[in-house]
A.B. asks: 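Quick one: the structure is below, and I'll ask about it shortly.
What you see below is based on every heavy atom in this structure, not just the backbone, and it leaves out hydrogens, waters and symmetry mates. Remember, it's 1-based here, ligands and their atoms both numbered in the order they're listed.
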Amino acid sequence: MALSTPIVAGNWKLNHGIAETRAFFGDFLPRVAAHTGGTIAICPPALALTTAAAVLGSDSRILLGIQNVYSELTGAYTGENSAAVAREAGAALALIGHSERRHIFGEQDDECGRKVRAALDAGLIAVLCVGETLDEREAGRAFEMVERQLVTGIAPVQATELDRLLIAYEPVWAIGTGRTASPDDAAEMHAKIRTSLAATWGDEGAALPILYGGSVKVDNAAQLLAAPGVDGLLVGGASLDPAGFAAICSARG
Ligand code: PGA
């Protein structure tokens, strides 16, 4: 199920409740009615997934995603979300290892790998998020950190599952800060990530879509999509507004 690019995914984080989810789609859907080429995905809070799926009905142009899953599909894990239930609720993809998960909730690289495995086992597309902090970048260790997250996160993936794997490069210093990586910064890291993927899986690895995320807005979306090797965008704050997010979805590099 290769997704057509550009892939523009919205990550609502802990924003938009159930009524707001309905209102968002009521406004957003007509704005993207003529959208062609490329893939649109939205990751609402887990509790709003079924509402989003009900509003979308049989409209399969927009994929839904969950923002995090647990590494097991069932069991005595109070309070966690199962990738299998997310799929049942209408999700097609799962974000894994978002920097807020890593930095606020202490998720480790190997745990992210297990979550990627769980997402794939549940039939979801896994979107593995990787990115360095400002300190790491300034210390000249950006790629070292990104590669460690990448290599550990993809370790449980089989070559036959590559059609359900996406990578999102999100420099932590650009998330929610208004400070965007330049298209050159994004292109440079995407190229390194692609080289690493190619070292693991050859041409098929090199062909995996890599999204950029971090302060993507209407004004910079086209420029970022034009950067070599940027196959899509992961959009946080700017995905909350239906008009703005629809404009980002139709941006072309
Ligand atoms: P932002 O968030 O667009 O608000 O910077 C991006 C993300 O965290 O995925």
A.B. asks: Would you call Asp109 and Arg102 a salt bridge, using N to O less than 4.0 angstrom?
C.D. replies: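 Salt bridge flag = yes for Arg102 with Asp109.
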A.B. asks: If we ignore hydrogens and angles and just use 3.5 Å, is the side chain of Trp12 paired with the main-chain N or O of Gly236 as donor and acceptor?
C.D. replies: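 Not confirmed, Trp12 side chain does not pair with Gly236 backbone.
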A.B. asks: Within the distance-only criterion (no hydrogens, no angle test), does the side chain of Asp231 pair as donor or acceptor with the backbone N or O of Ile210 below 3.5 angstrom?
C.D. replies: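 Yes; at least one donor-acceptor contact below 3.5 Å.
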A.B. asks: Before accepting this row, confirm whether a basic side-chain N of the pair Glu107/Arg101 lies closer than 4.0 Å to the acidic partner's carboxylate O.
C.D. replies: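 Yes, charged N to carboxylate O under 4.0 Å.
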A.B. asks: For ligand 1, run through the N/O pairs with the protein that fall under 3.5 Å and put one pair on each line.
C.D. replies:
from: ligand 1; atom 1: 2 (O); to: Lys13; atom 2: NZ; distance (Å): 3.2
from: ligand 1; atom 1: 3 (O); to: Ser215; atom 2: N; distance (Å): 3.4
from: ligand 1; atom 1: 3 (O); to: Gly236; atom 2: N; distance (Å): 2.9
from: ligand 1; atom 1: 4 (O); to: Gly237; atom 2: N; distance (Å): 2.8
from: ligand 1; atom 1: 5 (O); to: Gly176; atom 2: N; distance (Å): 2.6
from: ligand 1; atom 1: 5 (O); to: Ser215; atom 2: N; distance (Å): 2.7
from: ligand 1; atom 1: 8 (O); to: Lys13; atom 2: NZ; distance (Å): 2.7
from: ligand 1; atom 1: 8 (O); to: His98; atom 2: NE2; distance (Å): 2.6
from: ligand 1; atom 1: 9 (O); to: His98; atom 2: NE2; distance (Å): 3.2
from: ligand 1; atom 1: 9 (O); to: Glu170; atom 2: OE1; distance (Å): 3.3
from: ligand 1; atom 1: 9 (O); to: Glu170; atom 2: OE2; distance (Å): 2.7

A.B. asks: Roughly how far, to the nearest 0.5 Å, is the CG atom of Leu233 from the OH atom of Tyr212?
C.D. replies: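 Nearest 0.5 Å value for the OH-CG distance: 9.0 Å.
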A.B. asks: Decide, yes or no, whether a salt bridge links Asp219 with Lys217 under the criterion of side-chain N to carboxylate O below 4.0 Å.
C.D. replies: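 Answer for the salt bridge query: no.
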